[in-house]
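Report on one structure; see the data block that follows.
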Amino acid sequence: MINLDHLNAQQRAAVTAPLGQVLVLAGPGSGKTRVLTQRIAFLIEAMGVRPHNILAVTFTNKAAREMQHRLQSLLGDAAEGVWLGTFHANCARILRREAQYLSFDNNFVIMDSDDQQALVKRAIRELNLDEKLYRPTSIHAAISTAKNNLITPADFPTQSYRDEITKRIYERYQSLLRDSNAVDFDDLLLETVRLLVDNPQVRERYARRFEHILVDEFQDTNLVQYELLKLLASIHGNLFVVGDEDQSIYRWRGADYRNVLRFEEDYPACQKILLEQNYRSTQTVLDAARAVIDRNKHRTRKHLFSERGSGERLVLYEAVDEHAEAAFVVDTIQQWINSGKARGSDFAVMYRTNAQSRLLEEAFLRAGLPYRLVGALRFYGRREVKDLICFLRLVHNPDDEVSLARVINVPPRGVGEKTMVALQLTARQANMTAGQLLIELGEKGEQSPHWGRFSGRSILPLTDFGSLLAGWRRAVADGLSLPGLFDRILLDTAYQEYIDDGSNEGKERWDNVQELRRLAYEFREGGLTAFLENLALVSDQDTLPEEAGNAATLLTLHAAKGLEFRFVFIIGLDEGLLPHARSKDDPEEMAEERRLLYVGITRAKDRVYLVRAHQRSQYGGPEIQEPSRFLEDLPESLIQRQGQRRQRERWESPESRALRTRLFTPSHQQTSAALVEPRFHPTDRVRHPVWGEGIVMESRIQDGDETVDVFFESVGFKRLVASLANLEILPKS
DNA sequence: CATTATCTTTTTTTT
DNA sequence: AAAGATAATG
């Protein structure tokens, strides 16, 4: 049974809001996930809505799982039947059901970003265009933006010659997709909208079904998603959306926080509820976050408050280079853990770009500290994993040209560029897809009318591969299980010999293959279709083990949204990195970088460490870094500097330095003393909360803090930072 | 014609 | 520093 007593007034108002449109603007840490789940529970239990009639949309699978989990514990089996998932997953579900109305069949594959890139490239090549002039990345971005704004190739605006070309690539790309019986991420949304617009009876069926629609992270919806919601809510009009303009960080993906304003315009009767009490962070953390975000214009100002007390200042550390940056992070975490005041899982290290994780990983490994890495060295992006996925995709849908191109020569069987071109040409002439042609060659061999079209050198490998493919498909048709198929592919291609050359790296690659096999085993019930859909839609962000023991978390600022940690490190606070260099020409993008930092800071419950490096090896040689402009927005009263002084302070007058020192005296008594002279001396007897009694061997001032070497009776020699270690000096006996 | 060696270019964030 | 494209080689 749900219990509304532990909700505050605003939260309760949201959970129990009457029917119609509800817009909840929820600051960080204000319990928005809770409101969302309680609302669903309220609808089911108090309003008697059947779960079947509820659609709940999240942005990540992680968020969807989290909500599923909470609903389960709130309602038990009564929660069964709610349509809960990401926009993309829900759309894929609809498209598979309604394939009869669409231009592709229901065993369509979903192209991931690598595949999309490959297709764009192919489209450019087929049109004989210069790849230097029309970079696949930038063309793909243009296509994606168009799709996110409901623009089909036919509607693509052509104001310049380049637009003209882009339009032609877009058209070509789209037909390549359809020839492969495939859709890309953007199509999932776009095609669903088109389905609902073009087929009133289908629209009515879904709109009637979804009596209640709830949306999380509404500020990150794009135009297609907004239209989709409108269509789905067109009968009942019960739209409950939760969001925070200040946390909108997916502009580059078409997200438009102005959908919040649009919502208020489109639904003038909507109720607006603000959640302003923060249950996560200390007031100091909130003040700092606010100092950063208040510089942004065009936003609903919220007055976040916390009852958790003022808390400690944010620490700013300026390292000499990126190695020292990583070392500072790891050392500090280690000291906290050694002091017994924190455990590994209390920490998160956040960064702007995935590339920054590598040095951190190395530092963690060297220190022997466990960590879990979100995303980055993407499991699904790894060569061997992608190879096998493509084999499976090809069995599922032989028309998939991208997969075919990828694996036809894996392991090398003598099929190169020329052979591929010949294959494609012959296939087109025969009005078949390359995959179909291969299968025919494989099945009929010399009997095939196409046999003679190929040179003696290329026909054998092609026939070879074709019969493998045909064999796998037959086996699946005869009821071979998914894990069975997986093993058969490995066996037939001698994949292990190919991938595992005996080196450490080879071993690791083979382990990845085994890991994928384990996943396939989990999907043995759902079969190939469910497995592939899951692989396409479940991001790497979701790959990490839920509770990876006692490990610190390493993740991008984007991936951090929705999470919380006691201690948050944000590294790379340099111009060019955060804000990222690519944002500096566009004020809107600059505002988004600011929101990114805001999201990072507000993840912290207790402490925030902001870290930067004077010098960084960006690409090739080392480069001098300027401090991030965002640092200047933080009032000095909220900041405690650690480590090296900033250069300009060297030229400071003694008076102003004295004043500064007084002003910045940290709240810890020990630390302030330590800045001047050591508090501990050799031969002092000390007590540590975890390791008990020991003797000070040496003590020195280092990086503005006191480092003490202590010999403990229990664990022997340890190096500690005085301000963190909580050492107690014992009277000399 | 496929594979290998050398040179060039390139860096955001993710469903 | 790594991936991708181009040139040389077998």
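In what follows, chains carry the letters A, B, and so on, assigned in the order in which the sequence lines appear, proteins first and then strands, with residues in each chain numbered from 1. Only heavy atoms go into these numbers, but all of them, side chains included; no hydrogens, no water, no symmetry mates.
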Distance in angstrom units between Trp252(A) CH2 and dT11(B) C1', rounded:
15 Å
Out of dG4(C), dT11(B), dA2(B), minimum distance to the side chain of Arg582(A) belongs to dT11(B)
Step through the shown structure and confirm whether more than 12 heavy atoms of other residues, nucleotides or ligands are within 6.0 Å of CZ on Arg194(A).
no
Give a yes or no on whether Arg162(A) atom CZ has more than 12 heavy-atom contacts from other residues, nucleotides or ligands under 6.0 Å away.
yes
Take atom CG of Asn354(A) and atom P of dA1(C), then tell me their distance rounded to the nearest Å.
19 Å
Expressed as a whole number of angstroms, how long is the span from Gln117(A):CD to dG4(C):C1'?
12 Å
Quickly work out the Lys62(A) NZ to dT14(B) C1' distance and round it to whole Å.
12 Å
In whole angstroms, how far is the C1' atom of dT13(B) from the CD atom of Glu589(A)?
11 Å
From dA5(C), dC1(B), dT15(B), pick the nucleotide closest to the side chain of Thr60(A)?
dT15(B)
On DNA chain B, more 5' by nearest nucleotide between Leu596(A) and Gly416(A) is Gly416(A)
Side-chain atoms of Pro412(A) come closest, of dT13(B), dT15(B), dT3(B), to dT3(B)
With the side chain of Asn409(A) defined as its heavy atoms from C-beta on, choose the nearest nucleotide among dA2(B), dT3(B), dT14(B).
dT3(B)
Look at all strands and tell whether Lys561(A) reaches a base, only sugar-phosphate, or nothing, counting heavy atoms closer than 4.0 Å.
nothing
The answer to which of Lys418(A) and Ile249(A) contacts DNA chain B further toward the 5' end, by nearest nucleotide, is Lys418(A)
As an exercise, state the distance from NE2 of His140(A) to CG of Asp184(A), rounded to the nearest 0.5 Å.
6.0 Å
Expressed as a whole number of angstroms, how long is the span from Leu535(A):CG to dT15(B):C1'?
15 Å
Separation of Gln225(A) atom CD from dT15(B) atom C1', in whole Å?
9 Å
Contact class for Phe87(A) vs. all strands (heavy atom < 4.0 Å): base, sugar-phosphate, or nothing?
nothing
Using a 6.0 Å cut-off, check whether atom CZ of Arg258(A) has over 12 heavy atoms from anything other than its own residue.
no
Euclidean distance for P, dT13(B) against dG4(C) (whole angstrom)
15 Å
Closest to the Arg135(A) side chain: dG4(C), dT13(B), dT9(B)?
dT9(B)
I'd like to know whether Arg70(A) forms a side-chain hydrogen bond (donor to acceptor under 3.5 Å, both in side chains) with Thr37(A), so could you lay out the CA-CA distance, the side-chain angles of the two residues, the decisive distance to 0.1 Å, and finally the verdict.
CA-CA 7 Å; Arg70(A) 290 210 202 180; Thr37(A) 42; 4.5 Å; no
May I ask you to say what Ser583(A) touches in the nucleic acid, namely base, sugar-phosphate or nothing, with a heavy-atom cut-off under 4.0 Å?
nothing
From the list dA5(C), dA2(B), dT15(B), which nucleotide is the closest neighbour of the side chain of Arg125(A)?
dA5(C)
Proximity to the side chain of Lys132(A) - top-ranked nucleotide from dT6(C), dA2(B), dA2(C):
dT6(C)
Quick one: His580(A) NE2 to dT14(B) P, roughly how many Å, whole number?
12 Å
